[in-house]
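Indexing begins at 1, ligand by ligand and atom by atom, following the structure's order. Nothing here was measured: the structure is a model prediction, and the numbers come from that model.
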Amino acid sequence: MKISIENVNSHEKKTEMLCGFVIENSDNVLGLDRTLYNEPLKQSLIDMGGKFAKTVVIPSNQKANRILLAGLGKKEKISSDAIRFVSGKIAQIAKELRLKEFSIILPSESSFNLESSVTQVIEGCKLSLYKFETYKTEKGHTAPDISILSADSKKIMKVAKIAEIIADGAIFTKSIANLPPNECTPTTLANFARDVAKKNKMRCTVIAKQELKKKGFGGISAVGQGSKNEPKLIILEHGRKTREKPIVLVGKAVTFDTGGISLKPGEKMDEMKFDKCGGCTVLGIMKAVSELKLPVNVVGIIPSVENMPGGESYRPGDIIKLYNGKTAEILNTDAEGRLILADALSFGEKHYSPKAIIDFATLTGACIIALGTNVAGIVSNNEKLKQKIIDASKKTSEDVWELPLNDDYMDMIKSDVADMKNIGIGRAAGTITAAAFLRNAIRDTPWIHFDIAGVAWTQVATKEKPYNPKGATGFGVRLILNYLQNQL
Ligand code: BES
Ligand code: ZN
Ligand code: ZN
């Protein structure tokens with residue numbers, strides 16, 4: 001799929017399908033040349049009424065073979081997701097029609113921000129055209145090329161290129177996160193990281209089992225010891241030529257979470273192949289950061305394990321020593337994410353003295369109970385960082401909601417026999433007690449934790465969006481890249 005930005009008037013564009021946006025109850029298609037308004041078009045415009053995500057395809061005998069009208073809804077209610085959502089729908093229609101290419105007219109009215117619009121068109125189209133079909137012997141139709149028509153083509157060329165790289169980052173995240181657990185082990189993830197690093201001149205270090213143990217990564221070692229697919233700690237470094245403190249990104253990558261000795265019930269256990277989504281998010285971000293050559297120092301740290309039951313597994317009752325020297329009593333081997341993250345967070349803080357640490361993890365089922373499957377939980381120790389993240393989240397429509405973390409929650413993970421225990425009290429505030437465990441792994445670096453258990457892949461209660469087809473969603477990639485760009 002190729003995307004081009006063209007300064008061509010809509011009636012002069014030779015294309016299989018010319019697509020224009022319509023605001024509810026208006027009698028015009030944004031940017032569509034008046035000569036293209038024939039009777040069927042005018043009637044269709046009245047019929048569809050510009051209602052949100054309504055579309056209609058009208059045959060045309062001009063240079064365009066068809067004209068597609070796409071509703072954006074009420075003017076005062078057009079959200080920062082509307083163009084992304086509707087563009088995704090347009091792209092899917094084009095694919096169903098098996099078109100080789102189609103064109104979208106970018107709205108130029110002052111109520112639309114040009115840069116935001118072109119970003120949303122590109123994200124919506126690219127993300128909705130991605131399909132995980134690696135394991136289908138019969139592949140679907142190839143994705144059509146896209147022309148974006150705009151009189152301001154020069155102004156938006158650069159933003160469009162950035163949007164493409166960011167969308168590709170999210171797609172990369174999805175494509176790895178969707179891999180089945182027999183095909184994607186910690187070793188596979190490490191190899192993906194090495195590939196990305198090589199292509200984009202990043203430094204990549206992988207710490208293997210023996211060394212992890214020797215260096216005191218007690219959490220990663222304990223969780224990883226039950227599987228013959230050995231644990232890895234993957235580190236990617238972008239920039240680092242200046243002395244500027246880096247931003248450290250940490251992502252949970254449990255390539256399969258059976259629960260270990262505290263085995264999960266069978267129902268939906270297959271979904272635990274998505275327990276590596278946090279790590280995949282970090283990989284996708286690092287790929288895009290390096291392709292964009294962002295002038296910030298960013299380090300990605302991905303602790304990766306497979307959580308399996310077996311003769312060598314860690315057990316409930318075990319007491320382990322984490323990377324920062326604190327001890328943890330294991331009361332449930334299914335609360336494994338916090339153990340591997342604690343090691344990675346402490347390591348990140350110690351070795352990089354970062355400006356900020358941001359972590360992503362499919363950490364708790366409790367987060368789905370609290371916030372559902374369309375909003376990620378966030379927990380932070382820093383107001384400023386949190387506000388920046390919330391601002392970015394609004395721009396990229398990756399919704400977040402803050403949960404509190406005060407000392408009373410910290411008390412809930414105190415152990416009788418060790419510094420901490422790896423679960424809280426019963427099921428109370430499960431997402432927060434997990435975050436409390438992570439909080440203990442860092443000293444005072446500004447930190448924000450994303451619990452993406454509900455949003456990292458599509459589940460029964462997930463709101464359907466054309467740009468979020470079934471499977472991994474790549475949640476967080478666009479958000480963090482927006483945040484990092486605003487750091488400059
Ligand atoms: N990976 C799971 C969390 C999860 C569950 C994510 C369902 C998405 C959907 C995590 O490792 C886990 O099992 N957490 C336990 C913690 C509990 C034992 C304190 C949970 O949420 O039940
Ligand atoms: Zn678990
Ligand atoms: Zn898990």
Side-chain angles (χ1 to χ4, degrees), residues 177 181 184 186 189 219-220 222-224 226-227 229 231 250-281 302-309 313-318 328-344 359-377 379 403 409 412-413 415 420-438 449-462 471-473 475-476:
C184 186
L189 279 184
I220 302 173
V223 181
S227 172
N229 296 313
V250 176
K252 168 180 174 182
V254 177
T255 60
F256 194 67
D257 182 11
T258 64
I261 296 299
S262 315
L263 193 64
K264 284 181 182 294
E267 199 192 344
K268 289 203 200 154
M269 200 204 270
D270 60 294
E271 291 192 7
M272 284 301 116
K273 67 180 177 186
F274 292 120
D275 213 19
K276 59 184 178 302
C277 281
C280 297
T281 294
I302 304 168
S304 184
V305 296
E306 186 177 41
N307 189 19
M308 292 289 270
S313 299
Y314 79 134
R315 336 155 179 70
D318 283 1
E329 179 191 13
I330 307 305
L331 290 177
N332 189 319
T333 62
D334 196 12
E336 83 297 341
R338 62 200 74 184
L339 302 171
I340 68 170
L341 284 169
D343 277 356
D359 79 73
F360 287 91
T362 48
L363 203 59
T364 64
C367 193
I368 304 175
I369 307 298
L371 298 175
T373 49
N374 302 302
V375 179
V379 176
L403 298 172
Y409 293 108
M412 288 171 75
I413 56 165
S415 159
M420 300 175 278
K421 52 183 178 177
N422 79 330
I423 56 171
I425 302 169
R427 296 166 74 185
T431 303
I432 305 175
T433 50
F437 195 95
L438 304 184
H449 157 65
F450 285 75
D451 194 325
I452 55 170
V455 296
W457 71 95
T458 58
Q459 305 175 27
V460 273
T462 304
T473 60
F475 185 101

Nearest non-hydrogen protein atom, [atom]:
atom                    : result
atom 9 (C) of ligand 1  : Met272 CE, 3.5 Å
atom 10 (C) of ligand 1 : Leu363 O, 3.3 Å
atom 4 (C) of ligand 1  : Gly365 N, 3.8 Å
atom 1 (N) of ligand 1  : Asp275 OD1, 2.8 Å
atom 2 (C) of ligand 1  : Asp257 OD2, 3.6 Å
atom 16 (C) of ligand 1 : Arg338 NH2, 3.8 Å
atom 18 (C) of ligand 1 : Asn332 ND2, 3.5 Å
atom 12 (C) of ligand 1 : Asp334 O, 3.2 Å

Take every heavy atom of Ile368, measure it against each atom of ligand 1, and state whether any distance is under 4.0 Å.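 Checking ligand 1 against Ile368, which is what was asked, there is a heavy-atom contact under 4.0 Å.
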Taking [X] for the side chain and [Y] for the main chain, is one N or O donor matched with an acceptor at less than 3.5 Å?
X      : Y      : answer
Tyr409 : Ala436 : no
Thr281 : Phe475 : yes
Thr373 : Val455 : no
Ser304 : Ala253 : yes
Thr431 : Cys367 : yes

Would you say atom 14 (N) of ligand 1 makes contact with the protein, given that contact here means a non-hydrogen protein atom less than 4.0 Å away? yes
Under 4.0 Å to a heavy atom of [X] - the qualifying atoms of ligand 1, by number:
X      : value
Thr362 : 1 (N), 2 (C), 3 (C), 6 (C)
Ala453 : 6 (C), 8 (C)
Ile423 : 19 (C)
Glu336 : 11 (O)

Heavy atoms only: give me the nearest Phe437-Ala328 pair and the separation to one decimal. CZ-CB, 3.8 Å
Would you mind telling me if ligand 1 is within reach of the side chain of [X], the backbone, both or neither, using heavy atoms under 4.0 Å?
X      : result
Val254 : neither
Lys252 : side chain
Trp457 : side chain
Lys264 : side chain

Can you check whether [X] reaches [Y] side chain to side chain, under 4.5 Å on heavy atoms?
X      : Y      : result
Ile452 : Cys277 : yes
Tyr314 : Ile330 : yes
Asn332 : Pro316 : no
Ser227 : Asn307 : no

Among the N, O or S atoms of Glu336, the one nearest the Zn ion (ligand 3): OE2
If you look at Asp257, which of its N/O/S atoms is nearest to the Zn ion (ligand 2)?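 Answer by atom name: OD2.
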Can you tell me which residue among Val223, Asp275, Leu339 is in a side chain to side chain contact (heavy atoms under 4.5 Å, CB included) with Val305?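 Of the listed options, the one satisfying the test is Val223.
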Evaluate the side chain to side chain contact (heavy atoms under 4.5 Å, CB included) criterion for residues Ile340 and Val254: first the C-alpha distance (whole Å), next the side-chain angles of each, then the deciding distance (0.1 Å), finally the verdict. CA-CA 9 Å; Ile340 68 170; Val254 177; 3.9 Å; yes
N, O or S of Ala361 under 2.8 Å from the Zn ion (ligand 3): no
Asp275 near the Zn ion (ligand 3): N/O/S under 2.8 Å: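 For Asp275, the answer is yes, given that an N, O or S atom comes within less than 2.8 Å of the Zn ion (ligand 3).
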Is there a donor in the side chain of Thr364 and an acceptor in the side chain of Asp451, or the other way round, less than 3.5 Å apart?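 Note: Thr364 and Asp451 side chains meet the donor-acceptor criterion.
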